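In this text the structure is predicted, and so the values were computed from the model without any measurement. Index from 1, following the sequence. Note: hydrogens, waters and symmetry copies are ignored here, and every other heavy atom, side chains too, is used.
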Amino acid sequence: MQRLLFGQKRTLFGEVKIQINGNSIHGTRTKTTAKKRHKYSDTVLLPRTQFPAQINGKKRIEKDKYLTTATGFSELYEWQRTHLSGPEFILHDGPPYANGVPHMGHAINKILKDITLRSNVVQGNRVHYIPGWDCHGLPIEMKAIQDVNMNDPLMIRQQAQEYAKKAIARQKQAFQSWGVMANWNESGCYFTNESSYIKNQLCQFIKLYEKGIIFQNFMPVYWSPSSRTALAESELDYNEQHQSKSAIVRLRIDKFPEKLNSLKNRIAYALTWTTTPWTLVANQAVCFAMDAMYCLAEDSEGNLNIVGEELLQNVEAKIGPLKPIIRVKGKELEGTTYFHPFTEKRLPFLPARHVTMNLGTGLVHTAPAHGREDFLVALENNMSVVSFVDVEGRYIEAAGPEFHGLKVLTEGTDKVLHHMAKDVLHVEMFTHSYPYDWRTKQPVLIRASNQWFININSVRDNVIDSIADIKIYPECNRNSFTNALLAGIKDRPYWCISRQRSWGVPIPVLFNKVTGKSLTSRALIERLCHAIDEYGPDCWWKYSKDELIGLNVIQEMNVPIDDVEKGKDIMDIWFDSGISWSAVLPEGKANLCLEGYDQFNGWFQSSLITSIALQNCPPYRGLFVHGFAVDENGLKMSKSVGNVIDPEEILLGGSNLEKSPVYGVDVLRWWVASHGTQHMKIPVSKVLLDGCKQSIHKLRLILRFLLGCLYPHHQGVHCEPHYRIIDKYMLYALYHYNEQMLEHYNNYEYHHASKTIMNFVANDVSALYCFLIKDRVYCDEATSPSRIAALSVLRETLTVLLRTIAPIVPHLAEEVWSYHPENHASIPFHHTSYRVPESWNDPKIVERLNAAFCIRNKLLNTVSTNTWELSGTIEATTADFVWLSLLHDEKQRSTSELCEILQLSSIKLIENPDVTETQIQVESNQKVLCDRCRRYPEVGEDGLCLRCAGIVAKDKSASAVM
């Protein structure tokens, strides 16, 4: 629509044939010389501004840095806290991990948060936003010690602290360069490793402990041999192509129950199938399904084999023919015993709900130390839980001399199968989904150990009930997002919150070395918090229990002082960040949390569980969920693949400026707004970035035009405006555009916001209003009431546009405002306030203009020449005539509002009750157009229309006086 903004292309000669509603009109236009056309250019009030149409390369980088500094971005957060008093909007920052360089995921997250905050500030709402960092955890610890093999916890913590500090500084600088509004001073942020945060965390721990929600037990957990620590479900990645060595193994039956007494003299086996043969060392039972049908089938050696009837054919395909002899119901197997595969210990058959006939043999080898369902079976049957695997994933000595020291997932598996070769009936590689440590990318195992847990069962119902009251955005994804949030809660009995590492918050307990019992109390926590104030967070590792806790507190626990020692575990980092609501939020609740989709299994969940447990309500009223950056082919970005796009390259350009040009912060933020909210895979490509750059360029052009029109040609002279109908229509359009933008921002539909901005600018502002009022703005006298009215509307348009684009592209908004003729004090744009008047919302304006707009559309679709060179005759229906006559007075047939809307030099309006559709015929003027305004046919001898002749005469008089 640039042609419409700066004027239609003119045809200087020739005959034109125009067909409208079946009417053919012929006209001839007179050629005008270029010399005459420019004769009066100095008298035309053309737009004037120093605002550049575009800034590229190094100048773009310099301008972004200048705007960030000069317009007070760093002071905006504190300014709005002081000066705004609207309803407080609280956005809780899920802390990014203090590890690695800033990437596109950071850019998406932080810029979406900033758009959210700025849109509230523009609406006059005070915002509460404290940026945070998750500073503990294994990735940082591993980075800190990757070049040094150290075991001293204090040295590890010191190295990790330094590493996290550097990562935070790097990320903070990037966030600021993207224009993210916050108090970036140390006091304005939160860090999970700072003393005040840790003390709050310890206090929340003891509250949960006193409620019985936190407990310690010897239970199976996900264990990472590569990291030597327990892991939570949220710390796992599942490898869908993992291959396990699976086996069908037979276990010798000891005896059957009396009801199967006829089989007592037969050699019989239980057939089990396992993908973890290494766990057979820890076998303690065989489980069956009570209601399933089983058969005892004879093999080629005459032995009986127990197998699920539905699975018999599958088993035969792998181990050979089996002849069914007896069918039994699962419950008839109750009381059967068998021999342990290695120790000959007699073990039971037990019923279990988790046994199915979907896969395997229908009988499940059970090792309670290495399976969650197995562990529940042990609890139900009062069985002890025995583990033979150490922290490195190796068999301990109690497993037997032939297994001691072997890695269970590899050589241990092979050794087990070799050791019981005569009872291994089939071995194959089984491809299936298997959990991996998300940090080391190595497989994990399930291993029972003494750990600390949060009892999810105690809060599950309240957690699930609370989700119904949480708003989830985008709204179209509510069902799938709700299911994702529920998935980690419905079937999760407990959450393991202990880790066997050094870089974290200590679990504040003492252990009785004699009994193994853990001891803690509120008094212990208070003493520890006091020590942290005095000596810092490392004090747990630095000082003895006597120095740290004190003899009195230990004696109050009724245990001999010499029998206790400090615990060595730290808390899960998801617990660290999961209680951030209690340390950061006023009254423990936020209006919104905004994070990536993966946080349904992470921070969203840990925050919700701890909040329900401690304050019986969610810590957020709404969740805004975004996706992840991928390349143009939908592939996850990876350095090894070479498809990574660095946000810093978008701002500053890459080594090859043709492939990675300088886009600047406006383009980065526009890309986030346009693509970051509607899909789980957010594509990043040069094509998309170039498209965003083009959008910013179009915005700059119209903003430049508006600025130029506001040049003070009538400076110092007060003039009352006279608003025409098109002016009022533009104010009406502005009102509804602003309402639509507020709705988009308040519903976090930033992709719709960016589209609405571009559509409004291209159509309502550029193609319609600016195009129609150019004659008034350029050619009227500077103080003409109708020109002043148009300038007033342009001023309002610019203001509304700046306020609606400012949340997305604040740098551009501030840059435009710095060139605004009325910004005499050079104050930042974000310090200004504004309300769109309700008086603009007059629907009758549209009703009055519909008929005129309908005719205008016909002209635009039919006429490709400069319509000012044409005159028109309108035959209107009775209904349309009523409205059109309000815009056109036959006494002013060349200067009416209808002439301005249709851009015709003159119009003859006729009411014709016989026509069913209003028609217009146009013809070329037979007279020379005005050399100054290129419009009116009433031209005098000097080639000027009456209006232009008067203006030129005044200019000459003024020049003569000077």
Fill in: Inter-residue atom distance Phe191.CZ - Ile198.CD1, 0.5 Å rounding
12.5 Å
Is the number of heavy atoms from other residues, nucleotides or ligands under 6.0 Å of [X] [atom1] greater than 12?
X	atom1	result
Lys211	NZ	yes
Gln241	CD	no
Lys545	NZ	yes
Lys517	NZ	no

Practice prompt. Measure from the side-chain N and O atoms of Arg447 to the backbone N and O of Pro225, and report whether any donor-acceptor pair falls under 3.5 Å.
Written response: no
Worksheet item: Sub-3.5 Å donor-acceptor pair from the side chain of Tyr197 to the main-chain atoms of Asp576, do we have one?
Response: yes
Salt-bridge test for [X] and [Y]: reply yes if a basic N is under 4.0 Å from a carboxylate O, no otherwise.
X	Y	value
Lys407	Glu392	no
Asp423	Arg250	yes
Arg353	Glu380	yes
Glu235	Arg499	yes

Mind checking whether [X] and [Y] have side chains closer than 4.5 Å, heavy atoms only?
X	Y	value
Phe215	Trp452	no
Tyr494	Ile454	no
Met571	Leu202	yes

Discussion item. Under 6.0 Å between ring centres: does that hold for Phe600 and Phe481?
Written reply: yes
Fill in: Asn99 and Tyr163: side chain donor to acceptor below 3.5 Å
yes
Item to complete: Verify whether one side chain among Ser226 and Thr440 offers a donor that lies under 3.5 Å from an acceptor in the other.
Response: yes
Practice prompt. Check each of Trp278, Phe388, Tyr395 against Phe403 using the side-chain contact (heavy atoms from CB on, under 4.5 Å) test, and report the only one that passes.
Written response: Tyr395
Side-chain donor-acceptor pairs under 3.5 Å in residues 609-616, sequence neighbours left out?
residue: Thr610; atom: OG1; partner: Gly578; partner atom: O; Å: 2.8
residue: Thr610; atom: OG1; partner: Trp581; partner atom: NE1; Å: 3.0
residue: Thr610; atom: OG1; partner: Ser606; partner atom: O; Å: 2.9
residue: Thr610; atom: OG1; partner: Ser607; partner atom: O; Å: 3.1
residue: Ser611; atom: OG; partner: Gln615; partner atom: NE2; Å: 2.8
residue: Ser611; atom: OG; partner: Cys617; partner atom: O; Å: 2.5
residue: Gln615; atom: NE2; partner: Gly588; partner atom: O; Å: 2.9

